[in-house]
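First the proteins, then the strands, lettered A, B, ... as listed; each starts at 1. Just so we're clear, the structure is a prediction, and the values are computed from it rather than from any experiment.
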Amino acid sequence: MENTNRLRKILTSKEFTLFVTLVAIVLLFGSISPNGAFLKPRNIRSILDSMTIYTLFAVGGALVIISGNIDLSPSYVGAACGVLLAKLLNDGVPWYLVVPICLLMGAAFGVLNAVLINEFKIQSFIATLTTGTFIAKGLVYLIPDGVTYQIKDPVVVWYSTGKIFGFVPITMIISIAIIVIFGIVLAKTRFGRSVYLIGGNANAARLAGLKPKKLSYIIFACSGALGALAGMLYAGRLKSGSLVGTVDYGFPAVTAVILGGVSLGGGTGNMLGCFLGLLIINGFNNGLLVMGVKPYWQDVASGVLLLVALTIDYFSTRERKIRTTLSSKGGMGQ
Amino acid sequence: MVEHSLEFCNIVKSFPGVNALKGVSFHAEGGRVCALMGENGAGKSTLLKILSGDIRPDEGCLKINGEEQHFSSPHQSIRASVSVIYQERQLVPSLNVMENIFLEDMPAGRLGFVNVGELRRKTHEIIDLFGLPIEPTDTVGWLSVAYQQMVEIMKAYRRDSNIIAFDEPTAPLTDKEIEILFKLIRKLKEKGKVIIYVSHRMAEIFQISDDIVVLKDGSLVKTLLTENTHEGELVKAMVGRDIGDTYANLKRNDKIGDVLLEVNNLVTYDVKDVSFKLHKGEVLGFAGLIGSGRTELMRAIFGADPILSGEIKIEGRPVRFRSPSEAVENGIALCPEDRKEQGLVLKRSIFENVSIPVLKKVRKGLFLNRKTEFDLAKSAVKRYSIKTPSVEKRVMELSGGNQQKVILGRWTSEKMATKILILDEPTKGIDVGTKAEVYQMVCDFARQGIGVIFISSELTEVLNVSDVIMVMHNGRISGSVTREEATEELVLQLAMKD
Amino acid sequence: MKEFLEKKVIRNNNFTLTLTLVVILAAFQLINRNYLSLGNIRSILNQAFVMGTLSVGIGCLLICGKADLSSGSIGMMGGLIVTFLINWGIPWPLAVVITLIAGAFMGALNAFFTNVLNIMPFIATLGVATVLSGLGQVFTNMQDIPVNNKSFWALGTTKFFNLLPLPFLITIVLLVVYGVILKRTRFGRQVYMTGGNANAARLAGINPKMISTILYINSGMIATIAGILTAARVNMGSPTAIVSYNLDAITVAVLGGISFTGGTGSMSGVFIGILLFNSFKNGLVISGLDSYYQIVASGLLLMAALILDFYREKSRLNALRSHKRVS
């Protein structure tokens, strides 16, 4: 009895639907791509490779959205940190100082966001959009025009481009470690539960004695630091601090998160779903590439996928909403 | 057995426009259930909010086990071993039962890892103790209202607080669950806990409580031993007041005309098969407890909420409004229960709030005619004695009573042709003097031939102002009485009838 | 004195703004004597018209309580569409009309996602913006497309009194027209009420979804005006034009007194905000500051505007509380 219940629960879960979608995409592109190029191991590896940077943004993004806010700044923070990394290394600062400095800067940005949202009551999307596009982006322009700092520090280059056993990129290990760690923290620790609490019913959280404000500082700091990490890995991989950097990675990451079941309303979602969402989006984009579709369509695909994800989200939560509104009204006062 | 005690010492609390608590003091002993009774607006909810640390009193304090306590946050009250179970559920619908029960105190090991096994085991223990057919891993959002309430109660049990307050806990529960709840309460009594029980249900009060404290209009009027009193005495304490000439002097309407509004077998998500008739020039009162479905009924008639089935006729013509604007065009007006959230645009001015439904009629050509708007607002200010130096003042700066008058002004201005006026708790949070004005206004509307629906949870006023009173309970009409035959006891009984 | 300061300065936005504008103009004129020259003023106004035009549409939406992150992209598409149409031989006035209709359609997309599917406006418009940006890149292969029509160019380059460029004049016209609509017509009043409290507005007989739908369609059309004028001015359709001005337009609207929470603000404030922002930006440029500072300054300005917005609302509530204690 218990087992069939469990099986039913798994089959009707969102994660299963995502898994099915992923399989569908793999089968689709596997069959229509020329010579089955999509399924070749080299291509699979390139999908996973491109996912690493997205993963870091997605983890931070998911954390923030589950807690009931949104963070649009990490991709810009990443770009800024990439440039900072390159510049500092170039100025001779040793890598073991530069890396923590950049991470701290990312965290500091997160704290700035949290201040604007908590103390000045600015809505999270515009607060983070402001800090992101203006401040972080502006910092990119710290470099005088035309100069691109090359990254030559062997340690940085090693972990950004090196592979273990010859074929597992270190960056992939880092990103998988991050998503697993945060996944565990979210699902299994008290801190993680309180994130869901705050996003699910902030008032209940408050009345239960939690401190939503304090938690949001931590959450945004994580999101910023993860963005910084992503930016550093990206810059390391390119071996230079580029002006554009990770700016374009933010939006698809958020799309993956929403696709993966993290509702914008907060309080729901998990890292497994995000991971599947990332696979789906990267797989889809890669499939388009293999088919020879112009790379510019990727942006369009991202936008369309987001709108589709939101539409599905709407329909699937509509039924649930009726239930909970009835619950909160039934018999009790308005 | 350790006995705990709770004492309220001269609690005073005011909100803008109303004195919620005017110096309430009483003592609640451990090992006993102290029932807190009183009409809506008597101050019970405010007292509980102070107990839970949600708000702070203006004066006075709490004493727990003899020690003075001042809670500046809910967190502190939980630490002081106080648990308040509110009417509005404090659950997270996306999490499961065990996560909700152990909300702020999940069993965790090193590094904060939640010990899921222990969590599940302990939750199972509690669920078994309660004898409920739910699993620790069920998602709370999917549970029925009754079970959600039980989860809330189990949360309080888990906290093992020494002082537990229940605010109308049985409203969504069936008899079986109520039995479970009472079993639990008796267990808590045995442990010497202090239990405060707020409820309107007479049967329950006599079943479970040992002491009864009656509040009225923010003051404590009686403390009784349950075994020494009876229903009649309680009701009298709750409602009996010297109403003086307030109602005697009302100039009422005696010319009641034809059927204006007819509702047949209306069913919505919250209303189950309601039928009634409203006549021209009649004041039709709707009495009942909070949550009985009166607001939902009127919102559906007004087009604000969807209708599942049933028929509505205005002057014999069947109508179905899909939006409030359609209702307004047909002459129906609604003054909502929550005037700040649903009635007024607080940051805009008086005249702007008054002219919303008649914008088409205050135009000169393409543009709004300021003078016409001002005149409209000024006449409302005059007619209702709204205290304001100018009609350009923002509505948020007015007192509650004046805000209510602005809404009334909106629906009864010269440019409006309101036929049916629905007033939902129009005197909520308003001082006594202004209330009397509102009562006369209601009668004046009736005299103009308008059909007035008057919803109120204050028994005294709904009985004395209305011509006919419909009583609702749990989404149905449990009875109707005329003003002549109505007594407060009778109406209260109908309102609490199952 | 404190009450005066609070009432007249913090809460009277236009007064503060104009004062700040004067200070900025004076300060930069001291730094660089060419600041207030005809040529430079023309340059400021030429810069200002894009965000100024966008801010009219976005401003109305903000007053209604809805965010819009897509106007920039819609404007960009408008520029592309008009470019393609003209290059296909369609006479430019007709091309302009068709482009405007396209803009209305794109705005309607926003309305669909926010009102029918109930998606939060900021994410819905962000999605639409991304799709449109992507489409723009696809259609042009990331190249700028020249326009083959000399008379069209006049739209962007005509000047009045050698000072006022036509595009900025159109911006002013839009500000005035919408300012009047907002303050003096029934529709405008409904916009304020919906933004102030959509629930209460609905229960008073307004249809909030209809209002916001109209405003989104309207904003789409206004955005394409910006796109058309830009294409005319530089004689090119570009897949990257205008998009970045979206945030500037929001800055200028909030600076000008439009609260992010909706229900307050006016076009007159937005106008001063436009002048302020652009003269500030221009001042930074001609005083020789790095582009880094310019971008950061813009961001700080928006942050300051949002924070000021917070204090404005807070001070209104405080005034309320001191009243309350008396009664």
Side-chain angles (χ1 to χ4, degrees), chain A residues 65 70 72 76 112 115-117 119-127 129-145 248 250-252 254-255 258 263-265 293-315 317-318 321, chain C residues 62 67 69-70 73 109 112-114 116-142 239 244 246-248 250-251 254 260-261 290-311 313-314:
Chain A
I65 296 180
I70 189 156
L72 294 172
Y76 300 100
L112 172 64
V115 166
L116 289 176
I117 293 168
E119 308 305 326
F120 296 111
K121 309 273 189 275
I122 302 176
Q123 291 170 19
S124 61
F125 91 86
I126 193 80
L129 193 58
T130 312
T131 53
T133 56
F134 287 128
I135 311 299
K137 208 169 177 191
L139 284 176
V140 169
Y141 285 88
L142 259 177
I143 358 171
D145 287 328
D248 296 321
F251 190 73
V254 171
T255 306
I258 295 178
S263 167
L264 277 175
V293 175
K294 268 185 263 181
Y296 303 126
W297 282 104
Q298 288 200 15
D299 252 354
V300 183
S302 275
V304 169
L305 270 170
L306 176 67
L307 294 170
V308 165
L310 288 167
T311 314
I312 298 178
D313 190 38
Y314 166 72
F315 280 113
T317 54
R318 200 159 65 135
K321 248 188 230 163
Chain C
L62 281 176
L69 296 174
S70 65
S73 311
L109 270 179
F112 172 73
F113 287 115
T114 51
V116 174
L117 293 183
N118 284 328
I119 301 176
M120 288 185 216
F122 90 86
I123 199 92
T125 55
L126 195 55
V128 169
T130 312
V131 172
L132 291 177
S133 287
L135 284 177
Q137 293 171 12
V138 167
F139 291 155
T140 61
N141 246 330
M142 272 315 250
S244 58
N246 204 109
L247 220 47
D248 290 340
I250 294 181
T251 308
V254 176
F260 225 80
T261 47
D290 258 328
S291 28
Y292 147 63
Y293 287 108
Q294 289 171 43
I295 296 192
V296 175
S298 307
L300 287 175
L301 205 59
L302 177 53
M303 262 207 290
L306 290 167
I307 293 176
L308 186 64
D309 185 26
F310 165 72
Y311 278 114
E313 301 290 311
K314 199 165 173 231

**Q** Which residue out of C:G134, C:A67, C:A124, C:A129 racks up the most heavy-atom pairs below 4.5 Å with chain A?
**A** C:G134

**Q** Measure the CG-OG1 distance between C:N246 and A:T133 for me, rounded to the nearest 0.5 Å.
**A**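 Output value for this atom pair is 10.0 Å.
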
**Q** Please round to the nearest 0.5 Å and tell me the distance separating atom CG of A:L264 and atom CD1 of C:I123.
**A** 5.0 Å

**Q** Using 0.5 Å steps for rounding, measure from the CG atom of A:L310 to the CG atom of C:L126.
**A**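 These two atoms lie 10.0 Å from each other.
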
**Q** Any side-chain heavy-atom pair from C:L69 and A:L129 closer than 4.5 angstrom?
**A**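 In short, these two side chains touch, coming nearer than 4.5 Å.
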
**Q** Which bit of C:F113 comes within less than 4.5 Å of chain A, counting heavy atoms only: side chain, backbone, both or neither?
**A**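 Only the side chain of C:F113 comes within 4.5 Å of chain A.
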
**Q** Can you list the residues that meet the ring pair (Phe, Tyr, Trp, His ring centres under 6.0 Å) rule with C:F310, with sequence neighbours excluded?
**A** A:F120

**Q** So which part of C:I307 gets closer than 4.5 Å to some heavy atom of chain A, the side chain, the backbone, both or neither?
**A**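 For C:I307, heavy atoms of backbone and side chain both lie under 4.5 Å from chain A.
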
**Q** Heavy-atom distances under 4.5 Å only: say whether A:L305 touches chain C with side chain, backbone, both or neither.
**A** neither

**Q** Checking C:V116 against chain A: side chain, backbone, both or neither under 4.5 Å from a heavy atom?
**A** backbone

**Q** Can you see which heavy atom on C:G127 is nearest to which on A:F251, and at what distance?
**A** CA-CZ, 4.1 Å

**Q** For C:L306 and A:L116, what are the C-alpha separation, side-chain angles and deciding distance, and is it a side chain to side chain contact (heavy atoms under 4.5 Å, CB included)?
**A** CA-CA 9 Å; C:L306 290 167; A:L116 289 176; over 6 Å; no

**Q** So, taking the atom named CD1 in A:I122 and the one named OG1 in C:T261, what distance separates them when rounded to the nearest 0.5 Å?
**A**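 A:I122 atom CD1 to C:T261 atom OG1 measures 11.5 Å (nearest 0.5 Å).
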
**Q** Measure the CD1-CG distance between C:I119 and A:L306 for me, rounded to the nearest 0.5 Å.
**A** 7.5 Å

**Q** Out of curiosity, A:I70 CD1 to C:F122 CZ, how far, rounded to the nearest 0.5 Å?
**A** 3.5 Å

**Q** For the interface with chain A, which of C:L135, C:T251, C:N141 has the highest count of heavy-atom pairs at distances below 4.5 Å?
**A** C:N141

**Q** Given a strict heavy-atom distance threshold of 4.5 Å, which part of C:D309 is in contact with chain A: side chain, backbone, both, or neither?
**A** neither

**Q** Who passes side chain to side chain donor-acceptor pair (under 3.5 Å) against C:T125, sequence neighbours left out?
**A**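 Partners of C:T125 under the side chain to side chain donor-acceptor pair (under 3.5 Å) test: none.
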
**Q** Show the nearest heavy-atom pair for residues A:V300 and C:V138, with the distance to one decimal.
**A**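 That would be CG2-CG2, 4.4 Å.
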
